[in-house]
Amino acid sequence: MRNRPREIVLGTVAILASVVVFIVPFVFIFLTAAKTPAEAAEFGFSLPTEWAIWDNLTTVLTVRNNLIVRAFVNSTVITVLSVALMVVLAAMVGYVLQRRRSRWNHVVNFFVLAGLIVPPAVVPTIWVMQGLGLFKTIPGMILIEATFGLSFCILLFRAFVSTIPKELDEAAWIDGAGPLRVFFSVVVPLLRPVMVTVVVVQAVNVFNDFTGPLYFLPGDDNATVQLTLYNFQSQTMSQWNLLFMDILLITIPPLVMYIFFNRQIVAGMTSGAVKG
Amino acid sequence: MVVGNRRRQLAVAVAASAALGLAACSGGGGGDGDSVEITFLTQTGGTGPEWAEALIEAFNEEHPEITVTLNTQPGGTEGDNLVKTKLATGEMEDVFTYNSGSLFQAINPDQNLVPLTDEEWADTLIESMVAVVSTDNGIYGAPTGASQAGGILYNIPIYEELGLEVPTSWDDFMANNQAIADAGHTPVIQTYGDTWTSQLFVLGDFANVAAQDPDWAEEYTSNNRRYVDQPALQGFLNQQEVYEAGFFNENFASALFDDGVRMVATGEGAHYPILTGATSTIAQNFPDNLGDVGFFPLPAQDAADTRATIWLPNAAYIPSTTEGEELEAAKLFVAFINSPEGCRLQTEFNVPAGPFATSLCELPSDVPRATQDLQTWVDDELAGPALEFLSPIKGPNLENITVQVGSGISTAEEGAALYDDDVVKQAQQLGLEGW
């Protein structure tokens with residue numbers, strides 16, 4: 001009870017800090033998105049004198065034959081499929097790497113770490129994709145995103161599997177379960193917290209990726225949301241109101257995700273982070 | 001490097017033959033054999049994509065047998081890398097727009113582009129435009145818009161109120177600044193929040209340098225001229241002098257380009273050293289004030305040396321991976337950009353900020369005041385291209401150095417010496433002789 005006043009002060013400070021750090025920029029985006037071009041170019045933190053939010057919204061959505069709607073569809077497909085691929089593959093690899101000790105472990109670990117450290121080379125990657133006939137296609141982009149994210153996911157899964165008692169696997173073995181049954185029926189349900197972490201972190205990563213689609217997925221039919229931001233910006237003439245409206249639209253999906261999965265995200269992060 | 005090049009050529013060849021195979025298939029499948037599909041790449045931002053869409057529509061009316069698909073990509077550094085990547089992997093669109101001058105030279109035109117010297121429009125380019133879209137082997141690009149100038153946009157109502165004359169020498173300019181400051185206005189607008197805008201005192205002074213020393217650019221490329229020596233040093237000295245006189249707006253360190261445009265358009269400030277392309281922002285945000293903004297070049301010390309420094313427009317190119325029917329169609333499309341209808345579309349979608357670079361297009365009579373002012377300088381032949389169109393050397397840090405000089409952190413001499421060091425690495429990377 002003695003600590004009450006101090007807690008209240010601390011809590012208030014924390015709330016104020018988060019308002020300044022998160023809410024103020026968001027309000028600024030919203031207000032600028034509702035202004036006319038001339039007023040938006042002043043970058044003032046003020047209410048628009050003339051609300052143009054509906055006009056701006058329809059302009060942004062219909063610009064260049066609904067380019068942004070198309071971009072949202074593309075981004076969603078790429079994000080969902082590549083994250084699904086990452087979760088399935090990384091969970092399997094992480095499980096095997098942690099449970100089964102063999103002399104291949106060092107080799108596999110080396111390549112997992114190499115995947116984190118070695119930067120992707122653009123032109124050779126494009127040659128490979130051209131050879132496979134996957135360049136400028138959505139499946140090709142999904143594979144690239146999955147490859148870039150896989151190493152990080154494997155590390156997370158491997159760390160988390162070490163917190164699952166080996167006795168659970170052994171009990172299942174004794175009951176007569178095969179390797180696949182052990183993995184899918186016993187281990188996967190226990191991996192849920194770290195799966196949520198991986199899904200959220202990688203979904204935001206893939207959704208926000210700019211350079212990947214820029215180089216590996218050219219062409220207007222393949223546009224992704226981050227690339228559409230450049231439609232409203234250039235050196236001497238920028239339509240800031242439309243740019244901020246586009247930012248507002250792009251911010252919404254990750255925001256909704258955080259609001260709904262808030263609890264699982266925090267749980268997943270804390271449970272996976274303790275043991276190495 | 002040799003291995004890299006061979007693989008690159010191989011990849012280009014593979015891609016080209018694949019494209020040919022596809023074209024043959026579609027021709028055979030369609031049965032008519034006449035329809036051709038080509039792609040057109042332009043940069044996003046501003047009115048670029050709108051212009052391209054209108055251009056394609058107009059082109060299709062004239063050539064219904066050719067289908068043009070539009071692709072867009074960002075400009076700037078990302079765009080530079082992407083263009084090089086696409087050329088190296090044989091994925092470039094059939095027609096693409098890109099910068100002229102040093103950036104054009106950097107994409108290795110002789111190897112990657114189709115020469116267009118024999119096209120009808122090639123003879124109509126003005127001399128300075130030819131220089132920035134050609135190599136020793138021929139002309140490669142057709143201009144895709146009007147040129148612009150780097151100089152001073154000034155607020156006409158302030159000049160009228162104080163009864164000032166447009167200055168042609170540096171001393172007149174400083175006298176005007178003093179008069180404007182005495183009347184309680186801001187004489188010179190600077191916007192270092194967007195660092196690129198700080199370079200105008202130096203870059204916009206180049207035509208004056210060339211007027212005093214016609215060989216300057218060439219000698220600079222072969223390392224015989226430096227910015228620490230006159231006449232080139234004057235650009236840095238001018239910036240320092242204006243700063244020390246206290247003529248800048250109070251928030252010069254953080255103001256943005258859009259602030260600067262607003263200030264000069266609405267009379268919050270008198271002079272804004274900037275590119276005349278800023279008039280399109282005035283037209284978008286302050287259409288009523290378009291007539292209030294005029295243009296004059298950055299004055300030289302001696303009025304006889306004062307010239308307008310011109311930035312030439314971007315151009316449309318055809319990559320060497322485009323062949324056969326597509327190449328013919330692509331050439332028709334490039335020619336259409338500067339046809340009478342093409343010219344009309346250029347001025348409709350972009351407020352012309354300067355004269356055209358080809359005699360095929362003419363400025364309409366209702367261009368903004370600043371463009372008219374610039375046109376008189378060009379008509380009097382008192383204009384010259386900016387340094388970046390005459391020499392491949394442009395150091396990456398100039399905008400930071402001019403911010404230092406313009407904020408009083410470095411003196412003009414120190415800034416010029418820093419910039420001379422800055423360009424050495426770039427010149428060595430380009431493999432220029434004498435560095």
Side-chain angles (χ1 to χ4, degrees), chain A residues 32 35-44 59 62-65 67-68 70-71 120-131 133 135-136 140 210-224 226-243 246, chain B residues 4 7-8 10-11 14-15 18 39 41 43-50 52-53 69-76 78-79 81-82 84-86 88-93 148 193-194 196-197 256-259 261-262 265 274-287 350-351 353:
Chain A
T32 314
K35 288 177 179 176
T36 56
E39 217 180 335
E42 286 173 20
F43 299 111
T59 317
T62 54
V63 76
R64 313 255 345 266
N65 299 325
L67 179 77
I68 287 170
R70 209 156 62 228
V122 174
V123 173
T125 311
I126 294 180
W127 283 335
V128 172
M129 308 253 293
Q130 284 173 330
F135 189 54
K136 291 202 259 193
F210 173 73
T211 44
L214 178 71
Y215 287 109
F216 300 119
L217 201 59
D220 278 6
D221 289 340
N222 298 328
T224 62
Q226 304 300 328
L227 294 182
T228 61
L229 293 175
Y230 269 82
N231 276 318
F232 310 109
Q233 217 183 351
S234 66
Q235 189 176 35
T236 51
M237 194 164 108
S238 300
Q239 292 138 315
W240 299 108
N241 54 336
L242 302 184
L243 179 65
D246 198 10
Chain B
R7 284 176 76 181
R8 179 156 80 180
L10 187 71
V14 168
T39 48
L41 174 73
Q43 277 71 32
T44 54
T47 53
E50 277 174 65
E53 277 174 353
T69 315
L70 175 66
N71 282 333
T72 54
Q73 69 172 43
E78 297 288 355
N81 290 335
L82 192 51
K84 285 176 195 159
T85 308
K86 283 182 165 181
T89 53
E91 293 289 346
M92 183 47 89
E93 276 77 358
Q148 54 178 334
D194 282 323
W196 67 269
T197 63
L256 301 173
F257 168 76
D258 285 280
D259 296 322
V261 170
R262 187 194 70 238
I274 201 67
L275 296 170
T276 52
T279 46
S280 45
T281 302
I282 302 178
Q284 174 188 286
N285 293 350
F286 305 97
N350 293 302
V351 180

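The figures here come from the full heavy-atom set of this structure, side chains too, leaving out hydrogens, waters and symmetry mates. In what follows, chains are A, B, ... by sequence order, proteins preceding strands, each numbered from 1.
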All side chain to side chain contact (heavy atoms under 4.5 Å, CB included) counterparts of A:Q226, not counting sequence neighbours: A:F207, A:N208, A:F210, A:L229, A:I250
Test item: B:E78 and A:T211 side chains (from C-beta on) under 4.5 Å apart, heavy atoms: yes
Gap separating the CG atom of B:L256 from the CD atom of A:E42, nearest 0.5 angstrom: 12.0 Å
Interatomic spacing from CG in A:L67 to OG1 in B:T72 - rounded to 0.5 Å: 6.5 Å
Any side-chain heavy-atom pair of A:P218 and B:E91 under 4.5 Å: no
Contact summary for B:P74 and A:Y230, nearest pair of heavy atoms: CB-CD2, 3.2 Å
Distance, nearest 0.5 Å, that separates CG of B:N71 from NZ of A:K136: 7.5 Å
Shortest non-hydrogen separation from A:A41 to B:N285 and the atoms involved: CB-ND2, 3.5 Å
Rounded distance [0.5 Å steps], CG in A:L214 versus CG in B:L82: 4.5 Å
A:P37 backbone acceptor or donor facing B:Q284 side chain under 3.5 Å: no
Listed partners of B:T85 passing side chain to side chain contact (heavy atoms under 4.5 Å, CB included), at least two apart: A:V122, A:V123, A:I126, A:Y215
Partner chain A: residue of B:T197, B:L41, B:N81 with the largest heavy-atom pair count (under 4.5 Å): B:N81
Which portion of B:Q73 sits near chain A, non-hydrogen atoms under 4.5 angstrom: neither
